[in-house]
Amino acid sequence: MNTAFAVVVGAGLLLIAVLVGQPLLVVRRRARLAGAAPGRRDRALLRRHLPQYRRLPAPLRRRLEQRIAVFLGEKEFVGCRGLTVTPSMRLLITAQACLLGLGRDQHGYDRLRAVLIYPAQFVVPERWEDEDGVVTEEERVLAGQAWDVSRILLSWADVRQAGGAEPYNVVIHEFAHYLDHEAGGDDGVPWLPSAAAREQWRTLLERELADLRAVIARGAEPWLDPYAAEDAGEFFAVASEAFFEQPRELAARHPQLYRGLAAGYGLDPAAW
Ligand SMILES: [Zn+2]
């Protein structure tokens, strides 16, 4: 490469890094990692176990493969309670996690450091204080938890239940919580490109949540997992599972919710 050309390329890379607000080193590392797309065996595994991968349009599938390579190169996977994490487990969890960010230009999950995998559901101690200062401590059994923005905990037995009759997907659920936390809270409003988009999503979310609670209060059985009625954060996580697991059903049953999620994620999985 001649010197002038190298300077132009270097300046271009730096400009991109500044524009997207990422250190140049990260941009370079990710460009290098993205080159190591999944090989034939990994692709076969993804096709066998991940219906979304089979359905993805080619350009999005290529993007997903690059994102997978970057995620695998950056994040640590830790087996808990004696679980040995295999390359297939890492690949399947990563592929589902990367689906959520596929509509964004940036890789995302910048602050995530590790995914902790338990063989089955696990117990975590919880402690909280109410408005009167009364402290409650209890143990909760969980299929997954977005602990904070650096760690996500998953039960492998639950990860394997995705793709069943119910729109259940613990990876999508916990990574949706992650996006919510990353945006600064657990109110079901993840990063969105503008204040107007956030406001629009918040209004829709509150209406859909109120509708769901009304269905449950009538004693009727909602299509969405009733756990979504807990609060806005859980509603967003559960609705995201339905959006990626059963997009056509969600679009038919809750068209406005589907359109809101499609706009937020920048994806249209019902068309895949
Ligand atoms: Zn949740």
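Each ligand, and each atom within it, is numbered from 1 in the order the structure gives. We use all heavy atoms of the structure for the numbers below, so side chains are in, but hydrogens, waters and symmetry mates are not. Since the structure is predicted, the reported quantities are computational estimates derived from the model, not experimental observations.
Excluding water, every protein N/O/S atom under 2.8 Å from the Zn ion (ligand 1) is given here by residue and atom: H173 NE2, H177 NE2, E234 OE1, E234 OE2.
Side-chain contact, E65 with Y53: a donor N or O sits under 3.5 Å from an acceptor N or O.
Residue V141 shares its hydrophobic cluster (ILVMFWY side chains chained together at separations under 4.5 Å) with V123. Other members of the cluster containing Y118 are V78, L116, F122, V124, L142, W147, L153, with ILVMFWY side chains joined at under 4.5 Å, either directly or via other members.
Note on ring orientation: taking the six-membered ring where Trp is involved, the planes of F244 and Y265 are perpendicular (angle over 60°, cut-offs 30° and 60°).
Qualifying ring-ring contact (aromatic ring centres under 6.0 Å, His included) partners for F71, counting only residues two or more places apart in sequence or in other chains: Y109.
Q52 is listed as a side-chain neighbour of E245, based on a closest heavy-atom distance under 4.5 Å.
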